[in-house]
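All values below were derived from every heavy atom in this structure, side-chain atoms included, with hydrogens, water molecules and symmetry-related copies excluded. Naming: A, B, ... by sequence-line order, numbering from 1 per chain.
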Amino acid sequence: MTSMTMIEAIRDAHMVAMERDDTVVVFGEDVGYFGGVFRCTQGLQERFGDHRCFDTPISEAGIVGAAVGMAAYGLRPCVEIQFADYMYPAYDQIVSEAARLRHRSAGDFTAPLVIRMPTGGGIFGGQTHSQSPEALFTHVAGLKTVVVSNPYDAKGLLIAAIEDDDPVIFLEPKRVYNGPFDGHPDRPIVPWSKHPLGEVPEGHYRIEVGTARLHREGSDLTVLTYGTMVHVAEAAAEEHGLDAEIIDLRTLVPLDVDTIVASVTKTGRCLVMHEATLTSGFGAELAATVQERCMFHLEAPIIRVCGWDTPYPHAHEWSYFPGPARVGYAMRELMDA
Amino acid sequence: MTSMTMIEAIRDAHMVAMERDDTVVVFGEDVGYFGGVFRCTQGLQERFGDHRCFDTPISEAGIVGAAVGMAAYGLRPCVEIQFADYMYPAYDQIVSEAARLRHRSAGDFTAPLVIRMPTGGGIFGGQTHSQSPEALFTHVAGLKTVVVSNPYDAKGLLIAAIEDDDPVIFLEPKRVYNGPFDGHPDRPIVPWSKHPLGEVPEGHYRIEVGTARLHREGSDLTVLTYGTMVHVAEAAAEEHGLDAEIIDLRTLVPLDVDTIVASVTKTGRCLVMHEATLTSGFGAELAATVQERCMFHLEAPIIRVCGWDTPYPHAHEWSYFPGPARVGYAMRELMDA
Amino acid sequence: MSDREPTPTPLRLRIPQPARGKHPPDRVRYISAAGEMAKPALDEKVERIALMRKQLVRVLDEDGSAVGDWVPEMSVDEKKQGLRTMLLVRSYDARMLQAHRQGKISFYMRSLGEEAIACAQQAALRPGDMHFPTYRQPGLLISSEYPLVTMMNQVLSNAEDPLHGRQLPVMYSSKAHGFFSISGNLATQYIQAVGWAMASALRGGTEIASAWIGEGATAESDFHAALVFASTYQAPVILNIVNNHWAISTPEDFARGASATFADRGYGFSIPALRVDGNDYLAVYAASQWAAERARTNLGPTLIEWITLRVGAHSTSDDPSVYRPPEEAAQFPLGDPVDRLRQHLVHLGEWDDAQHEALQEEVDAQVDEAFAEASSHGSVKSGDVGSAKTMFDDVYAELPRHLREQRDRLEELP
Amino acid sequence: MSDREPTPTPLRLRIPQPARGKHPPDRVRYISAAGEMAKPALDEKVERIALMRKQLVRVLDEDGSAVGDWVPEMSVDEKKQGLRTMLLVRSYDARMLQAHRQGKISFYMRSLGEEAIACAQQAALRPGDMHFPTYRQPGLLISSEYPLVTMMNQVLSNAEDPLHGRQLPVMYSSKAHGFFSISGNLATQYIQAVGWAMASALRGGTEIASAWIGEGATAESDFHAALVFASTYQAPVILNIVNNHWAISTPEDFARGASATFADRGYGFSIPALRVDGNDYLAVYAASQWAAERARTNLGPTLIEWITLRVGAHSTSDDPSVYRPPEEAAQFPLGDPVDRLRQHLVHLGEWDDAQHEALQEEVDAQVDEAFAEASSHGSVKSGDVGSAKTMFDDVYAELPRHLREQRDRLEELP
Ligand SMILES: Cc1ncc(C[n+]2csc(CCOP(=O)(O)OP(=O)(O)O)c2C)c(N)n1
Ligand SMILES: Cc1ncc(C[n+]2csc(CCOP(=O)(O)OP(=O)(O)O)c2C)c(N)n1
Ligand SMILES: [Mg+2]
Ligand SMILES: [Mg+2]
């Protein structure tokens with residue numbers, strides 16, 4: 001075990017995967033020589049050469065389109081989109097191609113690729129460096145969607161994603177790259193070295209795509225969330241003295257329904273949280289699923305605490321971000337309902 | 001009042017809007033000389049000239065990108081994407097540009113444009129001529145999303161959409177272009193001339209964006225749906241002898257919450273239907289909203305009847321399509337729960 | 001500054017007009033005589049190749065003799081094989097169109113008049129190479145001896161369809177035959193082909209890729225991505241543009257814009273580009289071979305604009321009478337690819353009418369036989385479509401829980 | 001076929017390597033002497049202009065005299081005005097960078113070394129024309145006399161920010177000053193500019209559009225859409241490519257690929273394209289005027305590649321020491337745009353050191369004064385950001401119910 005930041009864990013996952021399987025190739029804007037604007041691919045080109053890790057022109061459509069072709073050839077591309085906000089030019093290749101190739105060719109061609117992207121706000125990035133577009137992937141049959149919240153999971157899930165035979169969207173909330181941000185921007189930054197989930201095993205291990213993680217046990221209410229919001233939920237529960245059970249979903253599709261149902265059946269109350277805009281966000285799917293499967297156990301309506309239905313504003317970032325105050329307030333409402 | 005197909009009603013709406021306001025321009029692939037592959041723009045170029053209605057190169061990104069620029073100049077472009085399945089190359093321009101322009105420029109520049117697209121299956125179009133991507137728009141703040149189910153609404157809503165100062169996504173289920181399809185492909189086709197909603201007023205009228213329509217009154221259960229499925233719901237209710245209240249939402253964002261809440265409060269049971277894939281579909285948002293606002297009135301979990309989470313298959317179209325049998329079965333379950 | 005030009009010109013756009021009214025031969029730009037265009041060295045400078053932009057690689061002259069630099073090394077048997085393949089494609093095409101008219105299939109797209117391009121390029125490439133086609137290159141499959149019955153099963157969407165009825169007719173897929181799964185979304189395959197070619201080179205392989213696109217679809221953004229990546233990495237790929245002069249109802253100049261040719265698009269990326277008579281089997285073979293050699297020797301991508309005509313409707317859903325002149329095909333100055341290769345063989349003294357008729361009969365019989373077999377498995381129209389449950393397979397490598405539940409639900413329904 | 005080449009070559013890609021090690025002057029391709037390149041007629045054939053592709057429009061020679069065909073008609077006052085504007089941009093830039101270092105702002109992007117391009121083009125265009133800029137053309141606003149204080153308020157994201165703190169610093173917007181709202185998504189503005197120009201022409205207007213893009217972002221797909229539409233409809237637009245030799249850490253050849261220049265990209269669309277010394281104020285003015293004249297007289301689009309250097313870091317989040325040679329700016333063969341225009345005025349006998357120092361002081365004072373005023377309204381760092389409620393405005397023209405509810409919720413929170 002070594003203490004790592006999430007950036008180091010992601011870098012290490014690349015190293016391990018590339019070492020074990022020489023069909024793994026890594027590319028994207030600034031990922032080669034420079035090692036990525038968040039340095040997640042630093043050292044890969046030096047170690048594996050420029051035919052395994054390289055820079056690309058600024059064309060997200062080109063990156064994903066080329067990756068689909070390479071995957072059809074038999075490689076396992078793991079590509080980076082510099083910010084999730086810039087994935088839209090690649091959306092056609094993701095939705096119409098990567099997601100559909102296996103099905104439309106009846107397994108003749110497949111697209112085992114990983115598309116990594118930093119997501120979420122909290123770094124004063126304004127509307128085009130803060131988005132969380134997970135719901136735009138979860139609606140697309142054929143994609144798996146992963147969101148990580150800590151170094152330990154990030155490494156194990158990235159290795160599993162690269163080894164997966166299906167296209168995996170791998171979302172990395174940039175606000176937790178360096179520490180478990182709990183939603184209090186005014187407090188000193190806590191590094192991963194001070195957090196148990198910053199302890200990362202060496203070498204190869206997998207966390208299976210499709211499995212949630214019980215982040216905190218509790219009996220008052222269930223919180224369904226992922227990414228940065230896992231830490232915010234924890235802070236809110238502690239600050240409001242609530243015995244919340246917090247589930248870090250980790251994978252949104254396929255969803256770990258059993259873990260969800262077991263928890264909500266136990267607590268009878270459910271809060272759903274994400275940073276993405278509320279309307280048609282993945283929280284809607286969670287709320288719909290929970291009421292379908294647990295309605296008769298619910299003691300109150302499921303509450304969603306999400307980003308507002310506006311672009312992510314630069315100066316008002318902390319009014320937009322669903323921080324511990326807003327979450328705690330909703331937890332209280334949920335308990336009082 | 002004249003009897004019109006939905007195609008004729010859409011054409012007529014264009015005529016009326018272009019006649020009243022010479023800043024309205026219409027373009028897209030094959031829409032000029034040919035009048036569109038579904039003939040929705042037939043006659044416009046002849047009547048208004050090629051500087052008001054014209055063909056474009058095959059570039060959805062170009063169509064929407066140019067439309068955003070034209071709207072910024074002061075025009076009101078109303079563009080056609082040949083099939084909704086082909087909107088993905090334009091998705092960046094829709095999401096990052098059209099939807100955000102007013103907000104990011106604080107109203108300095110605006111994008112009053114309409115993007116029309118035929119949606120849905122039922123014509124053996126296979127996976128790339130059958131999609132219903134409404135949930136990919138409803139998640140995007142800044143867009144309004146309309147889905148029409150009949151000629152009367154189509155004309156009034158298209159005129160209102162063109163006159164709207166915000167970007168409107170205007171979805172036209174192609175299976176109801178020529179008649180109110182009820183989900184029985186084996187039965188003779190019913191034309192709009194035999195249906196009251198095929199009676200369309202001449203000249204200018206508006207149906208306000210954001211207003212639902214009570215399609216059928218009832219007291220057993222509430223059906224929330226839109227587009228083709230409105231007619232399927234009606235058939236299912238009748239075939240199963242259920243007194244279903246059917247709400248044709250017509251606009252998904254902004255949603256007519258009052259009409260929904262009033263109905264579900266009354267019936268205590270709610271069925272949500274759409275043709276799009278289930279997971280993260282707009283039905284999830286509907287179910288989440290209804291349980292939030294009406295939980296204590298609900299006598300059973302809200303059921304979603306949607307397309308399966310697979311691509312729309314060509315040969316198995318009718319196993320994919322949520323037809324009256326599947327809907328009726330769910331209605332019965334809902335009543336029995 | 002505004003005092004400099006006191007009477008400003010009101011601005012006006014150029015809106016290209018369909019060529020409906022015009023005499024069709026006008027529509028083909030810059031026709032050279034057969035043999036006129038010289039064959040450049042494989043590593044000729046891109047500027048010099050660009051200077052040939054208004055020329056057309058042509059081998060077969062009006063009498064059917066093969067002339068000039070570009071005459072390919074081909075045996076008579078190879079040429080006869082080419083003729084046979086083109087006839088087979090044409091016969092197949094006609095049979096499928098008939099099946100549509102008879103209400104046996106839901107949809108079809110023909111390649112009538114464009115047979116030479118796919119057939120001759122396939123003949124010039126090697127097993128292991130990968131094509132990324134559009135819907136108008138069935139010739140690639142047929143000339144690599146993919147079974148007609150299997151193609152027909154796909155078109156019929158019947159229980160034997162290898163794609164389980166998932167795709168529209170003609171959206172074939174065969175990895176074994178170097179034929180990438182066809183997408184309904186235009187142009188996506190172009191950059192994928194470049195990616196596949198890059199993969200081959202990243203691995204130090206020897207296989208090359210061939211990308212296909214219609215001239216109309218070059219307007220799509222993925223065309224640009226492909227050219228950028230091909231140019232930057234010097235990927236071993238052939239970039240084919242099939243200029244059949246129509247994109248549904250719009251004539252080729254909507255996508256071409258003010259430029260002289262589609263081949264010109266290569267220049268700004270330093271990708272050598274040829275214009276080739278696509279109805280000349282020998283020219284297609286020679287140009288494809290030249291481009292393939294360039295790719296195989298790490299000289300990078302080549303762009304080829306194939307001049308041809310979409311003789312039929314866009315698809316069975318289309319009615320071209322609204323937008324195109326009826327006599328267009330008859331007046332097309334590059335003639336018919338089958339007739340021209342036949343004439344060449346006759347000219348060589350290797351072919352006569354009787355042989356041709358016999359071949360035609362043989363080919364038609366082969367198609368009929370295949371269709372009899374394929375039809376015996378029924379069709380989407382007769383409801384013989386295999387199990388609907390298969391729709392849940394292959395969404396993922398393994399069936400996830402939510403799809404298992406949905407499949408169970410489908411089975412449980414009355 | 002496989003017998004034809006018995007020993008196949010293993011394929012290999014070209015992966016462009018950053019120029020870090022190389023001597024920077026190598027990186028600018030094809031430098032002509034000032035005055036060397038002839039000025040074509042406005043309606044010169046695109047082929048002939050393409051033949052000038054390796055030439056560079058340059059007016060100011062090493063002594064500061066203006067030579068050749070392209071010498072623009074400009075009064076000494078206009079030139080002095082140009083110098084003043086560039087100094088103002090540079091002073092503004094330095095002040096904002098300092099504000100970032102002082103922790104007063106969250107982010108900043110400089111245009112150091114690229115001032116001439118935006119300033120001189122703005123001077124050559126007319127009120128009513130519309131620019132679709134990137135983040136590196138503050139010179140467009142400053143030379144159209146947009147208030148510095150307002151720009152600073154935007155950068156500070158304070159309560160007086162006209163964009164209500166919604167956008168990242170430098171993402172200005174001003175319709176009145178012909179400056180389109182900047183998007184964080186690269187390249188989207190390029191096709192929008194073409195659309196805007198089309199709109200002007202559809203309405204028979206007289207205003208033209210000017211599109212801006214960095215050389216790296218030309219790889220994006222919207223660049224292609226813009227060229228296709230501009231070519232097809234012959235839209236009245238100037239298509240600027242600012243080749244400052246870097247796209248964050250990647251050198252310009254990643255986007256350029258194997259082609260010789262970015263200007264070459266115009267040729268395949270029959271769009272006349274020039275390469276221009278972007279650090280030569282007079283050359284920028286002359287070339288912009290030429291392109292604008294073409295647009296205004298319905299001769300269609302013009303593409304211009306501006307050769308310059310990104311002297312600073314990509315942004316305040318970037319550390320270029322990892323990927324670029326430290327002495328690059330000093331060795332840049334086209335010099336510094338401010339120095340060169342100053343030298344020209346000196347050469348004309350219209351300027352001396354004392355005047356320059358006085359101007360510099362005046363300009364710095366103007367910036368300081370503006371910053372004092374802007375800072376008095378606070379900043380995002382001091383929390384003076386206006387009301388968070390404004391975030392719900394302008395999502396739509398009218399506040400819809402769900403946003404009203406969310407706004408109420410925000411207010412109700414403790
Ligand atoms: C992204 C996308 N946009 C639009 C379409 C609809 N469409 C199908 S074929 C076609 C015309 C293509 O013309 P061209 O590329 O010239 O090929 P051809 O049909 O002539 O072989 C169009 C517009 C599509 N399939 N995909
Ligand atoms: C669609 C998109 N992809 C990636 C980025 C991230 N990004 C911002 S600036 C930049 C480099 C742009 O380089 P260039 O176009 O040369 O402009 P320059 O910064 O040199 O002015 C990148 C990759 C982005 N903003 N948008
Ligand atoms: Mg075509
Ligand atoms: Mg640059």
Side-chain angles (χ1 to χ4, degrees), chain C residues 1-2 5 8-16 46 50 123-127 197-198 200-208 218-225 227-236 253-260 264-271 293 295-298 300, chain D residues 1-2 5 8-16 46 50 123-127 197-198 200-208 218-225 227-236 253-260 264-271 293 295-298 300:
Chain C
M1 243 77 37
S2 30
E5 198 189 343
T9 325
L11 298 170
R12 197 81 193 145
L13 293 182
R14 157 191 183 263
I15 312 271
V46 72
L125 264 59
R126 296 194 191 146
M198 286 175 68
S200 178
L202 287 174
R203 299 287 289 168
T206 58
E207 310 91 351
I208 65 170
T218 61
E220 287 286 6
S221 298
D222 281 352
F223 177 76
H224 181 65
L227 266 61
V228 171
F229 276 60
S231 175
T232 292
Y233 301 109
Q234 292 293 295
D253 48 349
F254 270 91
R256 177 170 46 74
S259 66
D264 280 352
R265 296 276 153 101
Y267 178 71
F269 300 84
S270 207
I271 298 177
E293 281 301 302
R296 289 198 209 288
T297 50
N298 280 319
Chain D
M1 238 80 37
S2 30
E5 197 191 344
T9 325
L11 298 171
R12 197 84 192 142
L13 292 183
R14 157 189 182 264
I15 311 270
V46 73
L125 264 59
R126 296 194 192 147
M198 286 175 69
S200 178
L202 287 174
R203 300 286 289 169
T206 58
E207 309 91 351
I208 65 171
T218 62
E220 288 285 7
S221 298
D222 281 351
F223 177 75
H224 181 66
L227 265 60
V228 171
F229 275 61
S231 175
T232 293
Y233 301 109
Q234 292 293 293
D253 48 348
F254 270 91
R256 177 169 47 73
S259 67
D264 280 352
R265 294 277 153 99
Y267 179 70
F269 301 85
S270 208
I271 298 176
E293 282 301 302
R296 289 196 209 287
T297 50
N298 280 318

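Of all the heavy atoms in C:Thr232 and D:Phe254, the pair that sits closest is OG1-O, 2.6 Å. The two atoms that bring D:Tyr233 and C:Leu13 nearest to each other are O-CD2, 3.4 Å, heavy atoms only. Nearest approach of D:Ser270 to C:Ser259, heavy atoms of both residues: CB-CA, 3.4 Å. Contact record, C:Thr9 with D:Asn298: CG2-ND2, 3.8 Å, taken as the closest heavy-atom pair.
Among C:Pro10, C:Ser231, C:Ala255, the residue with the largest count of heavy-atom pairs under 4.5 Å with chain D is C:Ser231. Listed options D:Thr206, D:Ile271, D:Ile15 were ranked by heavy-atom pairs under 4.5 angstrom with chain C; first place goes to D:Thr206. Of the listed residues (C:Ala219, C:Gly266, C:Ala258, C:Gly204), the greatest number of heavy-atom pairs within a distance under 4.5 Å of chain D belongs to C:Ala258. The candidate with the highest count of non-hydrogen atom pairs below 4.5 Å against chain C, out of D:Ser200, D:Ala260, D:Ala295, D:Pro236, is D:Pro236.
Atom NE2 in C:His224 sits 6.0 Å away from atom OG1 in D:Thr218 (nearest 0.5 Å). We find the CZ-OG distance between D:Phe223 and C:Ser221 to be 12.0 Å, quoted to the nearest 0.5 Å.
When heavy atoms are compared at a cutoff of 4.5 Å, C:Arg203 does not approach chain D at all. Neither the backbone nor the side chain of C:Ala230 comes within contact range of chain D, judged by heavy atoms closer than 4.5 Å.
Annotation: side chain of D:Val228 is in contact with side chain of C:Arg265 (closest heavy-atom distance under 4.5 Å).
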